[in-house]
Amino acid sequence: MLAMSPTALFVFGVYIGCIVWTCAISFTSSRILPNYEFVGLSQYYRLMATERWIVSVHNMVIYGIAYIGGCLIIGFLLAVFIDQKVRFENTFRTIHLFPYALSFIVTGAVWQWLFNPTMGLERALNELGLPVPGIGMLSNPHTAIYALVIASVWQGAGLVMIIMLSGLRSVDPDIWKATRVEGIPHFQTYLRIILPELHPAVLTSVVMLGIAAVKIYDLVAAMTQGGPGIATEVPAKFVMDHLFGRANVGLATAAATLMLIAVLCLLTPLLYLTYFRTRRQQ
Amino acid sequence: MKTLLAALFSTLITSSALAADLTAKVMHPWTSGGEAAAAKVFADQYTAAGGTWIDMAVAGNDAQLAASISSIMGGTPPTATHFNTGKPFEDLVSGGLLRDVEAIASSEDWRGVLPKIIVDAITADGKIMAIPVNLQTENWLWYSKEVLQKAGLTGVPKTWPEFFEAADKIKAAGFIPLAHGSNSFWDRFLFQKVLVSVAGPELYLKVLSDRDPALLKDPKVVDAFETLGKLRSYVDAGSPGRPWNDATNLVITNKAAFQIMGDWAKGEFVAAGLKPDVEYGCSLFPGDEVVIMSGDVFVLPKIDNADATAAQDLLAHVMFAKETQLQFNIKKGSNPIRNDVDVSSMDACAQHAAAIQKDPARLVPNPQFVMSNDMLGAISDVVTKFWNTPSMSPDDLAKGLEGAFASAK
């Protein structure tokens, strides 16, 4: 108990304290400097009437679903591939995990160049006479968000691969022997028997990716700056822009509070689910 | 005057001899080639005056603003930090976080050499609260002479119909008519340029300061919105998210004909070794020839330390000095803030701007003088969406602006 007290103090003092303060400020009229003139829900009303915020929330949902789905599928396939006792496994593992070692800023800058219609990969391929489908992804307001998804799946899939791989490696070898005896195809084994076994690995990945999706900021800042127009704006960028550049701390903290609620909505069912599973196992 | 200066110098010298630590940590957002060279003028002049300059450049206006506010609020303020002239620092003034520079300003007679509009913008309770360092023109039309020539044009278009005619020819000749890096910040520059040149300076100022929805229905304002809408089809596909200096580079390398950008773009031309009226040109056309003025100031956070205060005094003196003003503004591409600086050694663009700025009817402030960053941000969001959504009509823009006027403060 005593050993845990500094941690507890830190968690309650810093994390919980800051969260409470942020919530409180969101009910005030704070501009560039925080003040304590309470104005009720007016910042929230304004938020809900602001088109950019609505677009941001929409984008977060689209991005979140595509990002989590993409990372899980590709990460799982990569893990299965490496699990085939391939040669140079370590090399492949490093290559696949490598993007995760890059910051989102670097990832964003690289993919921004690749997608750039006037000097990027698209242009190079076009000049070679290869028409690329989905040309001008970044300059089209309808597709730009998916360019962000591609870049972040490229970055995040490796991590999911590592988590899944550790799950695959802990699968009881007897299961494999049994499926071989029964003559179940490899593919079916992975999908119907192994994947359900990986439940904790999937859960961990979904929570990590989900939180990353809610707080996505740096990739957008580096790759699209929220553009074209406001087509790729996200909640965290809304908060950051209003916190300083637009000098509206009240509105920014209201948005941050709603983001917190989004994270809680994501976490609660998952925590609930794991809690019941462990109880049932006991 | 001279004796005052001498007295000031001697106090500075004595105080520096006594304290000896005139270290100034200065925060500013100037990181691109031309801008960094301009910041170095301040650093060199300050060092020459006996101080030690610690450069705290933060890339990006918003990031620099965030860094300033955080460090001031966190109790470790820089000696001086950059702001845009106008409303952005008014909350820091009313919050009592800034020191005034009244003592130096009155002993050096700043009021006598500053445009009134600037004096008003930096004065609170009768005291000057910031060191203004330049007068920037935000609405230049930069152009590549070579591209215009190759497209068969003899000069820069003076009216908007002429501009669009020229832009069509440029497009047909295989060049980008308008180099632009689109995001909510820079799209606002196109908006204000078109508004002031089509609707005229008076209506421009009325729309931005009164923010009365009825003004958005004025035929001249509607005409401005239509012109802005038409302009959308003259940028290239790489425009969204492109940094402004990359857009300038398209004009420098003769890939694009025009760029609408503030005078800081000149720094890029200079850094590329180009000369005004030879390789590139600057114009305040098309439409009404008006200067939209903005500027940079440095504010001095209150610091309870005699050394720091002495450093702040020296900074104010050095930054406002005539010679620093001339050298800094040549590098920065802007105009000296004081009207007693001889600009004949500056380039043609600066001289042209200086001439127009003398006519108060043709000098309007940028939106930051008349509205909060919050309001400006809300307006910029509407404008950037309009700019990047070809299906949005000028009427949609007016409706969006009406919403922004009502919601932001």
Side-chain angles (χ1 to χ4, degrees), chain A residues 29-35 42-43 45-53 55-56 108 112-113 115-120 122-123 135-142 144 147 220-233 237-238 240-252, chain B residues 60-70 72-73 87-92 94-97 176 181-187 235-243 246 250 255 372-378 380-392 400 403-404 406-409:
Chain A
S29 65
S30 301
R31 301 201 323 164
I32 200 167
L33 307 171
N35 69 32
S42 74
Q43 302 285 12
Y45 286 131
R46 182 178 157 194
L47 201 56
M48 290 309 168
T50 303
E51 189 189 4
R52 179 172 157 186
W53 172 254
V55 170
S56 302
Q112 205 250 329
W113 289 328
F115 276 121
N116 191 311
T118 49
M119 59 181 190
E122 276 188 11
R123 164 89 183 258
I135 185 150
M137 258 186 124
L138 269 188
S139 38
N140 181 342
H142 300 292
V220 180
M223 214 166 144
T224 66
Q225 295 158 33
I230 54 169
T232 56
E233 290 292 349
K237 186 164 174 291
F238 188 97
M240 287 302 285
D241 284 356
H242 286 80
L243 210 47
F244 295 105
R246 299 194 175 177
N248 194 334
V249 172
L251 191 66
Chain B
N61 273 40
D62 280 6
Q64 185 262 337
L65 191 61
S68 305
I69 303 283
S70 310
I72 293 172
M73 294 299 290
K87 299 267 183 195
F89 59 95
E90 69 173 352
D91 282 1
L92 291 186
S94 59
L97 294 165
I176 304 165
S182 167
N183 66 21
S184 67
F185 192 79
W186 298 118
D187 292 349
V235 294
D236 65 314
S239 169
R242 172 190 286 148
D246 285 2
L250 288 175
K255 291 192 178 100
S372 67
N373 275 355
D374 184 26
M375 176 63 80
L376 185 56
S380 305
D381 284 344
V382 174
V383 169
T384 191
K385 188 175 179 209
F386 172 74
W387 178 259
N388 287 284
T389 316
S391 61
M392 266 179 88
S407 73
K409 278 171 223 106

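Below, chain A is the first sequence line, B the second, and so on; all start at residue 1. Just so we're clear, the structure is a prediction, and the values are computed from it rather than from any experiment.
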Atom pair CG (Asp374(B)) and CG (Leu251(A)), whose distance is rounded to the nearest 0.5 Å: 7.0 Å

Interface moiety of Ser184(B) toward chain A, non-hydrogen atoms closer than 4.5 Å: side chain

Glu90(B) and Arg31(A) ion-paired at < 4.0 Å: yes

Closest non-hydrogen atom pair, Asp62(B) against Phe244(A): O-CB, 4.5 Å

Pairwise distance CG(Leu138(A)) to OG(Ser239(B)) - rounded to 0.5 angstrom: 12.0 Å

Structural part of Pro228(A) lying under 4.5 Å from a heavy atom of chain B: both

Distance in Å, Asn373(B) CG paired with Asn248(A) CG, rounded so as to fall on 0.5 Å steps: 10.5 Å

Glu51(A) portion near chain B, given a 4.5 angstrom heavy-atom threshold: side chain

Heavy-atom proximity to chain A below 4.5 Å, by part of Leu376(B): neither

Heavy-atom pair count under 4.5 Å with chain B, highest-scoring of Met240(A), Gln225(A), Arg46(A), Arg52(A): Arg46(A)

Intermediate values then yes/no, side-chain contact (heavy atoms from CB on, under 4.5 Å), Arg246(A) and Asp381(B): CA-CA 12 Å; Arg246(A) 299 194 175 177; Asp381(B) 284 344; 2.9 Å; yes

From CG (Asn388(B)) to CG (Asn140(A)), nearest 0.5 Å: 10.5 Å

Pairwise distance CD1(Ile32(A)) to CG(Leu65(B)) - rounded to 0.5 angstrom: 5.5 Å

Proximal component of Asp187(B), with respect to chain A [non-hydrogen, under 4.5 Å]: neither

Segment of Ala406(B) engaging chain A (4.5 angstrom heavy-atom cut-off): neither

Options Gly238(B), Gly400(B), Gly377(B), ranked by heavy-atom pairs under 4.5 Å with chain A, top entry: Gly377(B)

Side chain to side chain, Pro141(A) and Lys385(B), heavy atoms closer than 4.5 Å: no

Nearest-0.5 Å distance, CG of residue Leu33(A) to CG of residue Leu92(B): 5.5 Å

